[in-house]
Each structure stands twice: as structure tokens, then as C-alpha cells.
Amino acid sequence: MAQKRKDRNKEEMRMKKKARERGGKRVGRAREGGVQKWRGKKNEAKKVKRLKEGGRQERGKRRENGPGVATVKVEPEDCDFVIAKRGKKRERGSEPGEGLESLSLAVKKRKKVREEEETGGDEGQRAKKKKEGSKKKPKEEKAEQPVWEEEKYEDGIKWKFLEHKGPYFPPEYQPLPDNVKFYYNGEAVKLSPSAEEVATFFAKMLEHEYTTKDIFRKNFFKDWRKEMTLEERMIITDLNKCDFGELFRMHKDRVIKEANQKIVEDFGYCTLDHHRERIGNFKIEPPGLFRGRGDHPKQGMLKKRIQPEDVIINCSKDSHIPEPPAGHKWKEVRHDNTVTWLASWTENVQGSFKYVMLNANSKLKGEKDWEKYEVARRLKGCVEQIRAQYKQDLKSKQMHIRQRAVALYFIDKLALRAGNEKEEGETADTVGCCSLRVEHITLHPELDGDRNVVEFDFLGKDCIRYYNKVPVTSRVFKNLKLFMNNKDGGDDLFDCLNTAMLNKYLTSLMPGLTAKVFRTYNASITLQDQLKELSNMSDNQAEKLLSYNRANRAVAILCNHQRAPPKTFEQSMANLQAKIDSRKEQLSLAKTELKQAKKEAKGSSDAKLQACKNMEVPLEKIYNKTQRDKFAWAIDMTEPDFFF
DNA sequence: CGACTGACTTAGCACCTTAGGC
DNA sequence: GCCTAAGGTGCTAAGTCAGTCG
């Protein structure tokens, strides 16, 4: 055993070296040491490290929001599902894509003209429909705008004309006034501008827990020193001797009210195929310290200021090319209409790409979104078949098929994410279905009266803990036992499977089907079923809204949507407690309720219901403006009796 | 065929704004 | 009117997945 470990350690060192040689560029993609094969060998090196680090307990505590601590998010905007939006127009029972174009033109002035009939253009559009007809629907926001030309572009073409002003750059750093000083070891030290700027990044975060973490401090200090002059580096050798107090206070006092409206007006819109569209994130991300989620190995590193020389502009050849800021040049100007971004740059911490793209309420994004739900709706048509197949596959003689079947079972039943592999050491250690390790599940032949219970405990996306005990079929249970046989905790549960294989298989079952479609599908169907179950036509608005919120909660639980309790949580709880205490008995009842409500979900608006749920509930009660804009396509297209 | 890249979606957190209680 | 909590928005990290390349 010891020898085995030793060998593995050696292997690990080799891999690490290799990774370093590659230049540590992209994150979370590459498998370490390209030669590894699936069977049994997957990520060997990776595991060793984990084993050394200690088991699941250690990792599991990363995020404090385990069950009972975190709150389940109950948010209607949940991106994974949409259902039952009231509005106009949708042909029931139509195949995906069918009859959709007819709606696309109908939209303008939707808010005012609810009851009006769709406008014409049907046939023409329909005729032009794309091959399989999996596409097209639209929507548009500004009533004054001309109607979209329903031109179908050939495959992959996203636009014909694109013009914009380029991204907005954050203001240059303003050096500290003379009366604000940084102190080292009790003495004022005047820093060079670049060192000073980075110091302010740290100072700004002083109130945040991040700055107390070792990795964060270490990464920050290392990167900070790179920005220092030689002289400064000689003096400043210990972060603990640094006093950022004055910088911190200055930051607190400063009221930064940029003329935001003007900036949005100037940079916030583009022209895409002759329509003015809102850009989602037109501001270049300002420099600062990287805040990864969870135990991120790169937390605290300096996120450098992006210069125009780093930025690639994408627009039409015949458009007015955006001007770079005075004295600067763009890295490149290209005219690629197969992509939707307007500008991009490479971020220095992870080496990943950043894009400036359109707002969610834009035609381009809306269409994509629409398609997503259409795929999920198509899945509805064949999901039973797929289930039957994977139940069969649980008995397959081929290991990779069995593993695929079990993985699919989890993805379907528990709405787990696919679980791509990530590069060790580059990001926090999180997993999804395919990347589950043996240490993430515990098998209980019997637990709390249930048989064949699988206990999941792992950190998923954003280091949100997934903890669940689920009874599974005995066949799945047996398979899991088999997969875990002769493996260490750090070994992959599905050693013969990865997301590429899984998705390839799924796509062969149904075009467009991938693992994440199951999340969309299950979220949507859950919401619908819950609504049906919880609400009655005779309910008043308040009751219906309550049902809606409860149905949403069910979805949030399914999808493991959680958020940490707000920082002010404890304080506000204490306040409430004090009040309540002072008011004796009857109030003690209210107290419990309040507490309960608070704990359960930050998002629940139960308390001030006035109105209610899907049918006959004003949309405004359920979706805020942003959501309504984003889902405008659904609103425009959905009849009162729409169902998923 | 797998590694790697690029594009795009998903999602939590921080902060700002608004609503509501006192 | 002030204060607090809820609600809404912006930001950007962290995923998914398809396409390309050696």
C-alpha cells in the first residue's frame, strides 16, 4: 500500500511538472497527463493528491451551507425552467418550431395590446422555416422598432450587421491623496502607483472574510509584490505588517456616482441587423483581486487591468468600427458573424475568455432560450423510452454502458449536472455526475426504513454542497457496489465514463439532447406537476401565488439551488428575537413562524401575497421586469392553457 | 480519438433600490 | 422621516458542450 502511494506520488509530481510546462493556461478542461486512459486510470494523479489531503470530511466542510444552514432559493427567474406564462398565442400540440414564426411578429406593444390578434406574416415565415424546424420564434421589445426581418440565416450565421461602440473601460486609477497613507510596520510608506492601486484592492476587501484566508493572503501578497518596485519589495516583506486602514476608510467614505445613465446610453446598446439591442455586459471587468468560490486555489490573485490592446472587437465590416480610447489600439478587429460576442479578452488569472454579449432580452439570446425549452419539450416525448433503455442497460455486460446507465439514472432522477472534468489545482474541487468519486457516496442497504439508500455528499457547482439520501432500485444499488469495488475514496466512481461519451449517446437518442436538458426538463415538469397538485382554479390570487411559490420551492430543492444565509442574517435574527421577547405570549407564535419563514427561504414572498399563480395571476406578481423581458418570447407565445 | 479551445449558459453573491413598519 | 428587510440588478465565476486539431 505504502509503495502504491509512493508510486502515485511520483506520478503526481510528473504530472504537475507537465502541467506547469504546458504553461498553465486554460482552466478546468484538460485532463492531466494526456496519456491516461479511461479504464481504471482516469485521473490517477489527481486522486493521489486528494488522498494525501484527507478524505471527504475535510473537503466537505468547505462551504458552511450544508443542510439546514443554507437556504433553498425560491426564485421564479430560475433559469432552468419556464412554464405557464400567460399571454397570447401558441398553437397547442404543435411540433416544436411549428407555428412559431407566426407569433414572432405579433409582439409589439404587447403590454398594452394584450388582447389583440397576432399580426400577419405567418405563411411567409412558415415557408421559410428551417429544415427540421427546430428554430425560430422571436420577440422584440421596443414597440417603435421595425419588425424583425424573418430572414433565416444559413447554419451558424448569427447576424448580418453588427455595430457598436466597443466596451466601456473602467476609469483609470486615481492615486491616493497625500493625506491618506499606507503604513508598513508602523511607518508611512509612499507606494508607487501600481503597487498602491493593488493595495487598494486589498483594502477594499478588508471587511470580507476572504482577506483572512491563508491562500488568499498568500496569492495576493505574491501578486502584489510583482507590482512593486525593487525598493518596495525590499521594504515590504510581510503582509501582517501592512496597515491598510486609511485606504480602507477612504474607500468607505468615497461615493462613486458615475454618470451611469449616460454610460449606458453611450455604450449599452448595439445595432444588430438593424435593431437596437441592449448589451448585457458592456463594461470591461475592472481590475481587482480574484474571488473564487469555495476553496479556490487562486483566490486573492491579482486580476489585471484590461487595456484596449487586450481586447478583440467583433463587428460588421461595413459598420462604424468602434474607436479605441485615445492613445490606444485594439488588439484586433474582426468580423465574425458566426459568433454572438461583440468584444472579448483573455483574463489573466485562469486564462479564460471573457466576452461582451447581448442582454438576455435580445432576439439572439431569446431565440436560444426558446430552443432550450423546445428541446426539453421534445424530451418529454421520448423520456419514457430513454428511461426504459437505461433500465435495460443497467444489466449490460459492458461496463461503460452500465456506468452510463447509472449516471443517467442519477441525472434523470436527481437532476445532477453532467460533471465535466476539471484540472486539479486550478479550481476548487467540485464534481458533477460523471466526475463523482467513491468518497462522495455512501451505500446503505437499509436506512430509516428505506432499502438501498445512496447517501450523496459532495460539492457541486459554485461549491454548493449537495447532500441527499435517496432510495434507488436494487439493480442500481448493486451496480454502485460493483463500481466501488476495489477502489479508494479518491477514485472515480464512473471510471469508464465521461461527459463526452454520455452526451454523444444522448444526442444519438434525440437530436439536441444532452445531460443538462434533463435539468431543464425535470425542473419544468416538476413545476407544472406541483402547480397542478397544489392549486385549484377556485383559489384566490393569494392562494395561487402561495402555490406558485411552493411549486418553485420544490424545483429549487430538486435542482439544489441554495444560497448562503445573508451576512446580516444573524443580526436580523437577533433583532427579531429581541422584539419578540419583549412582546410575550401571543407573539411567541409569530416568532416561530417568522423564524421558520426566514430560514426556509429568503425568496419567499408568502407574507405579502395579494395575488396568485399561473392562470389569472398578474404576471407582475411572479416575474420581475428583468424576467419578463427575458421571457418575453414565452409571454407572447403562451396561451392561458399552455402547458409544458 | 482524445486533447484542447472557444463560445455560450447557469448561478451565487454583493450591492443598490424600494417597500414597509414604527 | 428613519431604519430595516425584501426585492431587484449587476457582476462575473463556474459550469456545459461542440468543434477543431494533431
So that I can tick it off, tell me whether A:Glu374 and A:Arg378 are bridged by a salt bridge, with the cut-off set at under 4.0 angstrom between side-chain N and carboxylate O. no

Beyond-backbone contact of A:His164 with A:Ile313, side-chain heavy atoms, under 4.5 angstrom: yes

May I ask you to say what [X] touches in the nucleic acid, namely base, sugar-phosphate or nothing, with a heavy-atom cut-off under 4.0 Å?
X        : answer
A:Gly419 : sugar-phosphate
A:Gly432 : nothing
A:Ser344 : nothing
A:Phe290 : sugar-phosphate
A:Lys504 : nothing
A:Thr499 : nothing
A:Ala500 : nothing

Taking atom [atom2] of [N] as reference, at what distance in whole Å does atom [atom1] of [X] sit?
X        : N      : atom1 : atom2 : value
A:Glu421 : B:dG2  : CD    : C1'   : 11 Å
A:Lys372 : C:dC17 : NZ    : C1'   : 14 Å
A:Arg293 : C:dG15 : CZ    : C1'   : 11 Å
A:His400 : B:dC1  : NE2   : P     : 12 Å
A:Phe353 : C:dA14 : CZ    : P     : 18 Å
A:Glu209 : B:dC13 : CD    : P     : 12 Å
A:Lys283 : C:dC11 : NZ    : C1'   : 10 Å
A:Asp369 : B:dC8  : CG    : C1'   : 12 Å

Report the nucleotide, chosen from [options], that has the shortest atom-to-atom distance to any side-chain atom of [X].
X        : options                : value
A:Arg519 : B:dT10, B:dA11, B:dA14 : B:dA11
A:Ala418 : C:dC17, B:dA7, B:dA14  : C:dC17
A:Lys422 : C:dG15, C:dG10, C:dA13 : C:dG15
A:Met357 : B:dT9, B:dG6, B:dA11   : B:dT9
A:Asp462 : C:dA18, B:dC8, B:dG12  : B:dG12

With sequence neighbours excluded, tell me which residues meet side-chain contact (heavy atoms from CB on, under 4.5 Å) with A:Glu285. A:Lys303, A:Trp345, A:Lys354

Which sits closer to the 5' end of DNA chain B, A:Trp341 or A:Asn560, going by the nucleotide each is nearest to? A:Trp341

Taking the nucleotide of DNA chain B with the nearest heavy atom to each, does A:Val339 or A:Arg291 sit closer to the 5' end? A:Val339

Taking atom types as modelled, is there a side-chain donor on A:Lys422 or A:Thr430 under 3.5 Å from an acceptor on the other? yes

When only distance counts, do a donor and an acceptor, one from the side chain of A:Lys461 and one from the base of B:dT10, lie under 3.5 Å apart? yes

Is a donor on one side and an acceptor on the other found under 3.5 Å between the side chain of A:Asn219 and the backbone of A:Gln299? yes

So that I know where these two stand, are A:Phe282 and A:Phe267 an aromatic pair - ring centroids less than 6.0 Å apart? no

